[in-house]
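Shown next, in structure tokens, is the structure this report addresses.
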Amino acid sequence: MENEELKRYWHTAAHVMAHAVKRLFPEARLGIGPATEEGFYYDFDMQESFSPEDLERIEKEMEKIIAEDLKLEKVEADREQALNILREQQEDYKIELVEEMADAEEITFYRQGEFIDLCRGPHMNSTGQIKAFKLLNIAGAYWRGDEKNKMLQRIYGIAFPKKKDLQEFLHRREEAKKRDHRKLGKELDLFSMHEEGPGFPFLHAKGVIVWNELVDYWRQLHRERGYEEISTPIVLNEALWHRSGHWENYRENMYFTEIDGNKYAIRPMNCPGGLLIYKSNQHSYREFPIRVAEMGLVHRHELSGVLHGLLRVRSFHIDDAHIYMLPEQIAQEVLGVISMAEEIYDTFGLKYRMELSTRPEKYMGSIEDWDRAEKALADALNKKGADYQINEGDGAFYGPKIDFHVQDCLGRSWQLGTIQLDFQMPQRFELTYVGPDGEEHRPVMLHRALFGALERFLGIIIEHFAGAFPTWLAPVQVCFIPIGENHIQYARKLSGELEALGVRSEVDDRDEKVGYKIRQAQNQKIPYMIAIGDREIESGKIALRHRKEGELGAWEFQDFKQRILEEIRSRKCEDV
RNA sequence: GCUGACGUAGCUCAAUCGGUAGAGCAGCUGAUUUGUAAUCAGCAGGUUACCGGUUCAAGUCCGGUCGUCAGCUCCA
């Protein structure tokens with residue numbers, strides 16, 4: 001079924017659900033009930049809250065409505081008629097919608113049996129066309145998405161023309177759950193969260209191995225691309241944040257503290273500290289572009305309800321960089337950053353798309369500067385010939401930005417990298433450089449991140465690889481499995497040889513059967529397992545097993561060393 | 001922050017109407033010396049998130065706090 005048709009299907013399913021709810025709970029008032037990217041929902045306003053048992057009752061009633069095979073009839077109405085119908089039904093939310101419609105706008109209702117609903121359509125012909133459906137969950141949602149409004153109850157559901165499709169959908173959901181980085185993080189001993197620090201992740205030893213590999217890779221890439229690396233403090237005097245504009249624009253997300261009676265802030269962004277370094281020296285146009293990177297730890301007060309494993313936290317490391325340059329260097333530098341982002345995402349086999357976000361309501365500086373900055377970013381994207389989407393009003397308060405969005409295994413989209421052009425900070429901090437004319441000028445500044453937040457990136461790749469990291473990232477790369485007691489020493493010798501080459505290797509010398517050790521190594525997603533018994537000691541070969549490819553037979557140890565070293569060196573990424 | 005649900009051993013879960021908190025896995029000890037996804041036995045493990053209340057008696061009922069989960073809003 002085509003996307004448009006599927007949405008029509010889901011929209012009709014939403015009407016069937018609303019119909020069922022009105023039959024069971026006549027006092028419920030309707031909000032809106034559209035199709036989404038994956039399914040549908042309908043919002044209801046009702047005194048009591050729906051329980052899971054209610055969902056079952058609603059599902060049963062939906063079955064009835066479907067069995068009745070009611071025709072969906074389009075009913076046109078003028079404004080007065082529409083309001084009359086809605087007033088009679090006391091559908092206050094719908095009345096609000098009609099009242100806001102432009103005069104010229106056509107008003108339509110859809111009727112199925114005794115149920116009639118203000119709706120633009122289109123719909124399926126009859127309720128009987130809905131074959132397989134399921135109500136998934138109940139959640140609160142603000143009327144019109146505004147937290148100042150009343151919270152309604154939203155019921156989510158999914159529907160398909162074939163039972164098989166529904167089963168597949170539910171199966172996919174189960175599989176996605178198995179990949180949840182919070183679950184895998186526990187099972188693989190990568191990280192944990194604790195009540196003592198909600199939103200502040202604890203990385204365990206194995207998590208730190210992955211982390212350090214990511215950072216090593218990041219450093220190498222930045223060296224190659226002409227960046228220098230700095231490190232600046234986490235706690236800085238509040239005055240700095242007044243000057244940067246964060247106090248004014250970002251205060252509600254910041255943590256504050258006091259030292260010797262003076263006010264300090266814990267940084268929510270890295271840039272002001274970096275600017276102080278820039279200002280501690282004179283600069284010449286000849287140095288430009290100056291590319292300065294910092295893996296900077298920031299803290300932000302996020303609402304408690306949004307915290308989510310490593311994907312949404314209150315303290316995280318931004319793989320930040322600031323580029324100081326001449327206005328005419330903007331396009332070239334932006335293109336450089338885009339190409340760097342491509343290289344990184346390709347390394348992990350991640351798909352991404354770009355978005356350009358423009359001036360928000362809360363902004364600093366002049367409109368002319370903003371127009372100039374927005375044009376510069378758009379020019380770079382066009383020069384690249386990139387496909388991109390525009391998000392009006394979604395920019396940072398100091399400048400417009402290009403964002404990189406990556407899709408995870410659940411189909412959720414995450415903002416990772418970002419490129420933000422900034423004419424404001426250089427002014428606020430009075431940054432200068434000496435031009436060819438011997439005069440002082442103001443540089444242009446660009447903020448950018450590629451991983452975005454390293455914590456979030458780690459969470460995403462845990463799910464993306466389902467915990468089976470590429471060998472270069474795997475906390476344990478090789479596990480030796482001695483068959484019996486007599487083979488432990490030899491296994492240790494070989495393992496030591498690998499460790500000497502920088503390979504992370506272990507020997508499972510526990511008194512357990514081979515099958516048990518294999519199972520454990522598989523569950524830990526260790527890329528290579530090597531069984532060592534009498535045969536191997538006699539022949540000098542190893543019995544190799546790969547977590548995905550299974551048994552690889554007898555290998556010369558030398559050949560295996562070459563294989564794994566090459567795999568690590570090239571940061572090979574298996575299919576996921 | 002808001003709405004709703006949930007919180008029992010390291011993990012996954014059980015405990016009927018309010019009546020002595022249990023099991024599997026993991027851990028420890030012992031036996032076993034193992035050839036490609038779980039060897040057997042024994043032992044230990046708990047202030048049932050926390051605080052308060054009702055009751056002869058609370059994991060269970062009530063109130064509060066904290067946290068988690070599904071969303072909303074917000075965001076790297």
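Lettering of chains follows the sequences in order, A, B, ..., and the numbering in each one begins at 1.
- Using cut-offs of 30° and 60° on the angle between ring planes, the pair A:Trp247 and A:Phe256 is perpendicular.
- Nucleotides B:G45 and B:G7, compared at atom P, are 25 Å apart to the nearest Å.
- Mapping A:Glu551 and A:Met151 onto RNA chain B by nearest heavy atom places A:Met151 closer to the 5' end of the strand.
- If you measure from atom NZ of A:Lys150 to atom C1' of B:U73, you get 18 Å, rounded to the nearest angstrom.
- The separation of B:C62 from B:A70, taken at their P atoms, amounts to 25 Å, rounded to a whole angstrom.
- Atom NZ of A:Lys513 and atom P of B:C40 are 8 Å apart (whole Å).
- Remark: aromatic rings of A:His405 and A:Tyr352 are distant, center separation not under 6.0 Å.
- Stem regions for RNA chain B, each three or more consecutive Watson-Crick or G-U pairs with both distances under 3.5 Å and listed by first number, read B:1-7 with B:66-72, B:10-13 with B:22-25, B:27-31 with B:39-43, B:49-53 with B:61-65.
- Closest to the A:Lys401 side chain, of the nucleotides B:A76, B:G35, B:G67, is B:A76.
- Here A:Trp414 does not count as stacked on B:A76, because the ring centres are not under 5.5 angstrom apart with planes under 30°.
- No N or O donor and acceptor, one from the side chain of A:Tyr142 and one from the base of B:G71, sit under 3.5 Å apart.
- Nucleotides B:U16 and B:G59 are separated by 14 Å at their C1' atoms, to the nearest Å.
- Between A:His487 and A:Phe480, the distance from one ring center to the other does not fall under 6.0 angstrom.
- The closest donor-acceptor contact from the side chain of A:Glu536 to the backbone of A:Tyr490 lies at 3.5 Å or more, if one exists at all.
- B:G46 and B:A41 have their C1' atoms separated by 25 Å, with the value rounded to a whole Å.
- Taking the six-membered ring where tryptophan is involved, the planes of A:Tyr42 and A:Phe44 are essentially parallel, since the angle between them stays under 30° and well short of 60°.
- Proximity note for A:Arg535 (side chain, C-beta onward) versus B:C2, B:A76, B:G35: the nearest is B:G35.
- Look at B:C17: its glycosidic torsion is within 90° of 0, and that puts it in the syn range.
- Ranking B:G35, B:C11, B:A76 by closeness to the A:Asp534 side chain, first place goes to B:G35.
- In this entry the distance linking CD of A:Glu355 with P of B:C75 reads 13 Å, nearest Å.
- Within the 6.0 Å centre-distance limit, the rings of A:Phe169 and A:Phe160 are counted as a close aromatic pair.
- Side-chain proximity of A:Val514 to the nucleotides B:U36, B:G7, B:C69 is greatest for B:U36.
- Residue A:Arg314 places no side-chain atom within donor-acceptor reach of the base of B:C75, judged by atom type and a 3.5 Å distance cut-off alone.
- Between the OH atom of A:Tyr156 and the P atom of B:G4 there is a distance of 16 Å, given to the nearest Å.
- The six-membered or imidazole ring of A:His246 lies near that of A:Phe397, with a centre-to-centre distance under 6.0 Å.
- Distances from the side chain of A:Tyr516 to the nucleotides B:A37, B:A26, B:G7 place B:A26 closest.
- Picking from B:G1, B:C74, B:G35 the nucleotide with the shortest atom distance to the side chain of A:Glu147 gives B:G1.
- Listed candidates were B:C66, B:U33, B:U73. Nearest to the side chain of A:Glu485 is B:U33.
- Considering only side-chain atoms of A:Ala141, the nucleotide from B:A38, B:C72, B:G35 that sits closest is B:C72.
- Nearest to the side-chain atoms of A:Ala453 among the listed nucleotides B:U33, B:A37, B:A76 stands B:A76.
- Aromatic ring orientation, A:His11 versus A:His15: perpendicular (interplanar angle above 60°, classes split at 30° and 60°).
- Judged by atom type and distance alone, A:Glu196 does not reach the base of B:G67 through any side-chain donor-acceptor pair under 3.5 Å.
- Side-chain atoms of A:Ile518 lie closest to B:U36 of the nucleotides B:A76, B:U33, B:U36.
- B:A44 and B:C61 have their C1' atoms separated by 34 Å, with the value rounded to a whole Å.
- Under 3.5 Å, the side chain of A:Arg312 and the base of B:C74 form at least one donor-acceptor pair of N or O atoms.
- Residues A:Lys22 and A:Glu61 are not paired through a salt bridge, judged by the lack of any N-O separation under 4.0 Å between the basic side chain and the carboxylate.
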